[in-house]
Amino acid sequence: MEKLRLRFAPSPTGALHIGGVRTALYNYLLAKKHGGTFILRIEDTDQARFVPGAEDYIKEALEWFGLVPDEGPGYGGDHGPYRQSERKELYQKYTTQLVEAGRAYYAFDTPEELAAQREQDPNFKYDASVRMRLKNSLTLPQEEVAHALAEGKDYVIRLKVPENETVSVQDKVRGQVSFDSNELDDKVLLKADGMPTYHMANVVDDYLMEITHVIRGEEWLSSTAHHVLLYRALGWESRMPEFAHLPLILRPDGKGKLSKRDGARFGFPVFPLSWNGQTEEDSFTGFREYGFLPEAAINFLALLGWNPGTEQEVFSLEELVDTFSVERINKSGTRFDIDKAKWFNQQYIIKADAGYLLEKVRPIIKAHGYEPGDAFLRGFIELMRERAITLGDFWENGYFFFEEPREYDEKMIQKRWAPERKGLFDELAGQLHSLNGYTAENIKAQAEAFINEKGLKFGDVLPILRLGVAGTMKGPAIFEMMELLGKEEVDRRLRKAFVQFNELSNP
RNA sequence: GGCCCGUUCGUCUAGGGGUUAGGACGCAAGAUUUUCAUUCUUGUAACACGGGUUCGAUUCCCGUACGGGCUACCA
């Protein structure tokens, strides 16, 4: 079998959408499964929509996920350049070739003229039925065309779509899809600014870059008929790649495909990394900054539109590479379910390697002004990992490992604290403070002895210790927590808390 | 509007002419943990509709409805 070559071809118009990441992932998986090549190509043919920084963003996002291209701008490869803006002459050469072969033509209609046509007829389409009435090299005298060209008049090159043909596409996901060529318009191939349109550029590049499989979103299915026609016109039909069109990722409420604005609307990320656009409107929080592990996000994305047919849910990238197959990609659109994504993240946090997690959590703690030693941080992570859904939760739910409780759960204090017991608890604090070997085990033994001696119940004492140390009832095992915080810190907190408890229960 | 694609629990999905229609997330209940979380158990809940074909359709075919995509000198 010929070596597989697949490309991910985003356009640098802003942050990379999460649906784009899934497309990249599937391309990567299929390439790697067969020992093929994964290529990044930047489709920057729309100068009006070009956004500086977008290309770097795309690369950083791919790398964060571990989807590192084998070829691409900055990645090497002998099929470059990998930015379409740097391949301009190529497209011009091939479109000219098409014109000469009678498969395309020059069109001189101005955008204003076309707009006027559309105003007159909302269904106006530049196709075989009207092309002979418009201003192009098919209708104008040859000298006039030559003159216009020599004069530098604006023109585009359009594909001359043949009449009365059925154009069929073999799609790996959907099977055969057919179009009536009379429904197809004469797509612009080369724009007035000399840049190609997507249609021309992607066909030329896929051919030149020897792409074997095109995996892209379903929004491209309709125009694939044009692409087939182009391969034919260029005489490349035998080298045409196989197509697989992915189901779209839909909004959680099911109304249309997921868009960049939906992140803000529904309160979860739809981008891999945060993006700071020109305006707040155009700025987004990413999966990374939201506290996702890249492995978890990949796992979630992989299962959005594909499944292995087994009951396995958790997959490493390597396992995905082994298991993936285009045949098992789904046809129907897929709702974006953030709860499932969070569940994956939680699973990955629980199972993550300690050293790995340490490096993910350290910067979060540091951002709040604390730089604990590795031993402490490790202990903290082990106590908290089963209680974190996002990385941010380590701080949100465990900040009291680094600083005193900011507040005490008043309801619980009302319920559990009795002012007359302050003396009793001071005594317990004293006993714990004089403990030798401040381990969870020893603390527990001492507390137990105290409880028995005083005729108390665990429920009288443990919540008070927890509240005193953490301020909240939510958290890891209390004695473990105390051991990690250390004798002096715990004693300080307890003494202070008991005073506070009295105030809180006697307003 | 036209063309194209799709439709199994709320969501992601398995399945496929005869099944108690399976799993996961979520939700609910219980057990464990004297907290919270984890874990475990149980429960909840689905084949869009109408015609065919067939001894038998959720599964195959055709319609309808609904949803989505495309319909730019954007990708």
Side-chain angles (χ1 to χ4, degrees), chain A residues 9-13 20 43-49 84 107 109-111 114-115 118 122-126 154-158 169 171 173-175 177-180 182-185 187-199 201-202 216-225 245 247-248 250-252 254-257 300 303-314 328 330-344 346-347 350 383-389 393 397 409 412 457-463 465-467 470 472-478:
Chain A
S11 102
T13 53
E43 309 231 331
D44 54 349
T45 54
D46 186 347
Q47 313 200 295
R49 292 206 308 155
Q84 291 185 328
D109 320 84
T110 64
L114 294 176
R118 287 193 190 92
N123 289 327
F124 172 81
K125 220 168 26 174
Y126 206 122
D154 270 359
Y155 67 90
V156 301
I157 294 179
R158 285 181 183 271
V169 179
D171 187 88
V173 173
R174 281 149 226 284
V177 181
S178 301
F179 301 84
D180 179 349
N182 295 334
E183 300 286 346
L184 272 24
D185 65 337
K187 282 259 179 286
V188 170
L189 265 19
L190 198 73
K191 300 184 269 187
D193 65 1
M195 280 290 197
T197 57
Y198 171 85
H199 309 293
N202 107 89
R216 77 220 311 190
E218 193 190 338
E219 67 267 31
W220 294 112
L221 186 56
S222 297
S223 49
T224 307
H245 288 93
L248 262 13
L250 273 18
R251 291 167 41 149
K255 295 194 168 69
K257 66 174 173 177
F300 165 69
L303 262 13
L304 225 50
W306 170 85
N307 79 85
T310 65
E311 289 185 352
Q312 187 178 351
E313 296 273 341
V314 178
R328 295 202 62 90
N330 283 101
K331 292 179 179 66
S332 47
T334 302
R335 219 67 61 80
F336 186 90
D337 180 10
I338 192 65
D339 283 331
K340 191 83 173 250
K342 285 179 178 174
W343 178 79
F344 273 115
Q346 184 178 31
Q347 295 300 307
I350 289 170
L383 290 180
M384 287 302 296
R385 72 199 299 170
E386 284 182 355
R387 278 159 266 260
I389 291 174
D393 289 342
N397 302 335
D409 182 338
M412 282 311 291
K457 285 177 289 189
F458 273 72
D460 296 324
V461 174
L462 266 42
L465 291 178
R466 175 176 296 283
L467 252 13
T472 167
M473 289 302 290
K474 297 180 184 178
I478 176 64

Original post:
Within the distance-only criterion (no hydrogens, no angle test), does the side chain of A:Lys191 pair as donor or acceptor with the backbone N or O of A:Thr45 below 3.5 angstrom?
Top reply: yes
Original post:
Is the backbone of A:Asn182 close enough, under 3.5 Å, to the side chain of A:Asp180 for a donor and an acceptor to pair up by distance?
Top reply: yes
Heavy atoms from C-beta onward define the side chain here; which of [options] lies closest to that of [X]?
X        : options             : value
A:Lys340 : B:C4, B:C25, B:G2   : B:C25
A:Val188 : B:G68, B:G22, B:C73 : B:C73
A:Glu219 : B:G2, B:A24, B:G69  : B:G69
A:Arg335 : B:C12, B:C74, B:U71 : B:C12
A:Asn330 : B:G23, B:C70, B:A14 : B:A14
A:Ser11  : B:G68, B:A75, B:U11 : B:A75
A:Tyr198 : B:C25, B:C3, B:A75  : B:A75

With sugar-phosphate meaning primed atoms plus P, OP1 and OP2, does [X] contact a base, only sugar-phosphate, or nothing at under 4.0 Å between heavy atoms?
X        : answer
A:Thr45  : sugar-phosphate
A:Leu462 : base
A:Asp185 : nothing
A:Phe336 : nothing
A:Pro463 : nothing
A:Arg158 : sugar-phosphate
A:Pro12  : nothing
A:Ser223 : nothing
A:Val177 : sugar-phosphate
A:Gly305 : sugar-phosphate
A:Asp109 : base

Subject >> Aromatic ring pairing A:His199/A:Trp220, orientation class (parallel under 30°, perpendicular over 60°, tilted between) >> reply: perpendicular
Phosphate-side-chain proximity, [X] and [N], N/O vs OP1/OP2 below 4.0 Å:
X        : N     : value
A:Lys331 : B:U13 : no
A:Lys191 : B:A75 : yes
A:Thr334 : B:U13 : yes
A:Arg118 : B:C73 : yes
A:Asn307 : B:U13 : no
A:Arg328 : B:G15 : yes

Using Watson-Crick or G-U wobble geometry with both distances under 3.5 Å, which nucleotide pairs with [N]?
N     : answer
B:U39 : B:A31
B:A14 : none
B:G67 : B:C5
B:U54 : none
B:U44 : B:G26
B:A21 : none

Nucleotide [N], atom [atom2] - distance to [atom1] of [X] in whole Å:
X        : N     : atom1 : atom2 : value
A:Phe179 : B:U71 : CZ    : C1'   : 12 Å
A:Asp44  : B:A75 : CG    : C1'   : 11 Å
A:Lys257 : B:G67 : NZ    : C1'   : 15 Å
A:Trp220 : B:A72 : CH2   : C1'   : 12 Å
A:Phe344 : B:G23 : CZ    : P     : 17 Å
A:Gln312 : B:A14 : CD    : C1'   : 15 Å

**OP:** Please tell me which of A:Leu221 and A:Lys125 maps to the more 5' nucleotide of RNA chain B, matching each residue to the nucleotide holding its nearest heavy atom.
**Re:** A:Leu221
Subject >> Along RNA chain B (nearest heavy atom to each residue), the more 5'-positioned of A:Thr13 and A:Ile478 >> reply: A:Ile478
Euclidean distance for [atom1], [N] against [M] (whole angstrom):
N     : M     : atom1 : value
B:U54 : B:G67 : P     : 35 Å
B:G50 : B:A65 : P     : 15 Å
B:U19 : B:A28 : P     : 34 Å
B:C9  : B:C5  : P     : 22 Å
B:G18 : B:A57 : C1'   : 9 Å
B:C25 : B:G52 : P     : 42 Å
B:U38 : B:A45 : C1'   : 26 Å
B:U11 : B:A72 : C1'   : 35 Å

Subject >> Basic-acidic side-chain contact under 4.0 Å: A:Asp337, A:Lys340 >> reply: no
Original post:
side chain to side chain contact (heavy atoms under 4.5 Å, CB included) between A:Leu221 and A:Asp171: does it pass, once the steps are laid out?
Top reply: CA-CA 9 Å; A:Leu221 186 56; A:Asp171 187 88; 4.3 Å; yes
**OP:** Identify the residue among A:Lys331, A:Arg216, A:Glu219 that makes a side chain to side chain donor-acceptor pair (under 3.5 Å) with A:His245.
**Re:** A:Arg216
Original post:
Ignoring hydrogens and angles, are the base of B:C5 and the side chain of A:Arg174 linked by a donor-acceptor pair under 3.5 Å?
Top reply: no
Subject >> Per-nucleotide protein contact string for nucleotides 36-41 of chain B (B base, S sugar-phosphate only, - none; heavy atom under 4.0 Å) >> reply: BBSS--
Subject >> Nearest heavy-atom neighbours spanning A:Leu303 and A:Glu313 >> reply: CD2-O, 3.4 Å
**OP:** Return the minimal non-hydrogen interatomic distance between A:Gly305 and A:Pro247, and the atom names on each side.
**Re:** CA-CG, 4.4 Å
Subject >> Worked verdict on A:Phe300 versus A:Lys342 for side chain to side chain contact (heavy atoms under 4.5 Å, CB included) >> reply: CA-CA 9 Å; A:Phe300 165 69; A:Lys342 285 179 178 174; over 6 Å; no
